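The structure displayed is predicted, hence computed values, not measured ones.
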Amino acid sequence: MVQTIFSDTIVALSTPPGAGALAVVRLSGPAAVAITASVFSKKSFAEATGNTLHYGTLRDPNAGEILDEVVVGLFRAPKSFTREDVVEISCHGSDYVVRQVLALLLRQGARLAEAGEFTKRAFLSGAMDLAQAEAVADLIAADSALSHKVALNQLRGGFSQELRDLRARLIKFAALLELELDFGEEDVEFADRTGLAALLAEVRGVVLGLLRSFELGNVIKNGITTVIAGRPNAGKSTLLNALLREERAIVSAIPGTTRDFIEDEVSIDGLRFRFVDTAGLRDDTADEVEAIGVARTRERVRKASLLLYLFDLAEMTPTAVRTEIKALTAGLKLPVLAVGNKTDLASTGALDAFGAEFRANLTGEASGIPLVLLAAGQNQGLEALQTALVKHVRGSALENNASATIVTNVRHARALETAAAHLAAVQTGLDTGFGTELLAADLRHALAALGEITGEISSEDLLTSIFTEFCIGK
């Protein structure tokens, strides 16, 4: 990418707003050093080398007043985040101090940065591609071990390199097809159709694999909504409290205690789960408020990513459990974990018999429903439930290849879908003997879709849409 040179210098607070021990004010642009030097006490700062720290005071040259004692980091172009001169002023984290420092730098000629403008400049100057730039926001927002790992892999260019390799191989064939168009009247073929078909099969396989990873990537990035549902007094609130390790929900022996949703999040083995405790399922309640809660439970189940169907082992048979799960998930492609509660009140023989009968009579789609037995009130069996939850989300692909590229961005997934559709069209064209012009057109569209992910092909509207989602100062 050709480096873009900006004429103005931007400034913003790069640490979260609010009082704290320290705050970092960042400048980037051709006048970053000069503006800082004009208010900094260290006279040699303007001639200092990059990648250095300097201690001193900030002074308002007009009022002659010292604003704060600061440490200033200097990064000379092109060895900086934006590939411009960058200055980072570490001052005390008082709201008042930060406001005064920003106002002073603005008076000296800086401009307040727009949302995501530092990262946008890094992209436009060629320091990173668009997928890596988006990973900056994902890394900042990461709140689990896996979301952090995936964002860091993308920031370091793993996903981008895979896409560049795909595009480079396709471009060679696209160039040969374009050459055929230039010699259309001579009816010659420069692009080996057999080789193109083999390449298409390979590239389509990679693209479709990346698309399949999006389901997992979306869960890693945004968490998985897990609804806990079942009959009244099955122990749903107790299970929620046990998973969260705090008394988040009210637990009572009185049926119908939970009238509305209680939600909270917990990280299990690097994955973020959002557990939703719901009203007990029954149709015979005379309580109008409880009936509304039951209706909301059914609606919440329809919007869930995973269902934990919790039941009291002393009150339900395997047949009853299967029947209620089937009724609750009718018409839904919803993964289910069957969770039997209150094992502490049953004998080992009874538990073994229940598990054997439950698994023996499961057929078809229901055969994939795992069964976990626990005693939520005594915190017994929670490890088995957590293992089942993680196994469901991660799947064999991640377990077998922890370093595999995982797509987490909706924009990337849509672009991959477009690329896959055009690659399929090229394959159809080869199979049916389409002319070179149609093959070349579909191949160009596929290349454009892949290029949009990394920003090799982009529009100002696209960039504005992406970077306005960033925080100021990023």
Side-chain angles (χ1 to χ4, degrees), residues 219 222-266 268 272-342 358 362 365-366 368-377 381-382 385-386 388-389 392-393:
V219 166
N222 300 313
I224 182 165
T225 301
T226 306
V227 171
I228 305 173
R231 291 180 179 181
N233 275 4
K236 297 182 294 298
S237 297
T238 302
L239 179 58
L240 177 68
N241 289 340
L243 288 166
L244 299 178
R245 301 183 186 277
E246 65 172 295
E247 296 298 315
R248 180 70 173 80
I250 297 175
V251 176
S252 170
I254 302 172
T257 302
T258 303
R259 303 297 185 90
D260 208 343
F261 311 134
I262 301 175
E263 302 186 28
D264 214 331
E265 294 184 355
V266 65
I268 302 175
R272 182 159 55 95
F273 290 85
R274 183 164 193 84
F275 290 106
V276 184
D277 180 21
T278 60
L281 293 166
R282 61 175 175 175
D283 298 322
D284 59 349
T285 179
D287 188 315
E288 182 179 354
V289 177
E290 185 183 358
I292 294 173
V294 172
R296 289 184 175 180
T297 294
R298 297 185 185 280
E299 179 62 28
R300 199 69 179 85
V301 167
R302 285 191 285 271
K303 297 178 180 179
S305 300
L306 175 64
L307 171 64
L308 293 189
Y309 183 80
L310 187 70
F311 60 94
D312 188 333
L313 283 161
E315 294 185 355
M316 296 185 69
T317 65
T319 300
V321 172
R322 292 193 298 271
T323 300
E324 292 205 1
I325 289 176
K326 183 177 181 180
L328 188 58
T329 61
L332 304 175
K333 291 185 177 180
L334 179 62
V336 180
L337 294 181
V339 183
N341 192 22
K342 305 182 184 179
F358 182 85
L362 287 179
E365 292 184 4
I369 299 178
L371 173 66
V372 178
L373 303 181
L374 52 74
L382 291 178
L385 175 59
Q386 292 172 337
L389 287 166
H392 160 73
V393 175

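Within the 3.5 Å criterion, the main-chain N or O of Ala234 finds a donor-acceptor partner in the side chain of Asn341.
Note that the CG atom of Leu306 and the CD1 atom of Ile224 stand 5.0 Å from one another [nearest 0.5 Å]. For the atom pair Asp264 CG and Phe273 CZ, the distance stands at 14.5 Å (nearest 0.5 Å). A distance of 10.0 Å separates CD1 of Ile262 from CG of Leu244, quoted to the nearest 0.5 Å.
In this structure, the side chains of Asn233 and Asp312 stay at 4.5 Å or more apart for every pair of heavy atoms. Side-chain atoms of Thr226 and Leu308, non-hydrogen and from C-beta on, do get closer than 4.5 Å to each other. Considering only heavy atoms from C-beta on, Lys236 comes within 4.5 Å of Asp277 through its side chain. Within the 4.5 Å cutoff, the side chain of Leu239 has no heavy atoms near those of the Phe275 side chain. Arg296 places none of its side-chain heavy atoms less than 4.5 Å from the side chain of Thr278.
Among residues two or more places apart in sequence or in another chain, the side-chain contact (heavy atoms from CB on, under 4.5 Å) test is passed with Thr329 by Leu307, Ile325, Leu334, Val336. Residues satisfying the side-chain contact (heavy atoms from CB on, under 4.5 Å) criterion with Ala320, sequence neighbours excluded, are Met316, Thr317. Judged as a side chain to side chain donor-acceptor pair (under 3.5 Å), and not counting sequence neighbours, the contacts of Glu324 are Arg231, Tyr309. Residues meeting the side-chain contact (heavy atoms from CB on, under 4.5 Å) test with Ala375, sequence neighbours left out: Thr343, Asp344, Gln378, Gln380. Qualifying side-chain contact (heavy atoms from CB on, under 4.5 Å) partners for Lys326, counting only residues two or more places apart in sequence or in other chains: none. By the salt bridge (Lys or Arg N to Asp or Glu O under 4.0 Å) test, Glu265 pairs with Arg272, Arg274, sequence neighbours left out.
Heavy-atom minimum distance, Phe358 versus Ile369: CE2-O, 3.9 Å. Closest approach of Val227 and Arg300 over heavy atoms only: CG2-O, 3.8 Å. Among all heavy-atom pairs drawn from Ala229 and Leu328, the shortest one is CB-CD2, 4.2 Å. Heavy-atom minimum distance, Ser305 versus Pro335: O-CD, 3.4 Å. Between Thr238 and Ala376 the shortest heavy-atom distance is CG2-C, 3.7 Å.
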Stepwise side-chain contact (heavy atoms from CB on, under 4.5 Å) check, Val339 with Ile228: CA-CA 10 Å; Val339 183; Ile228 305 173; over 6 Å; no

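Screening residues 327-336 for salt bridge (Lys or Arg N to Asp or Glu O under 4.0 Å), with sequence neighbours left out, gives no hits.
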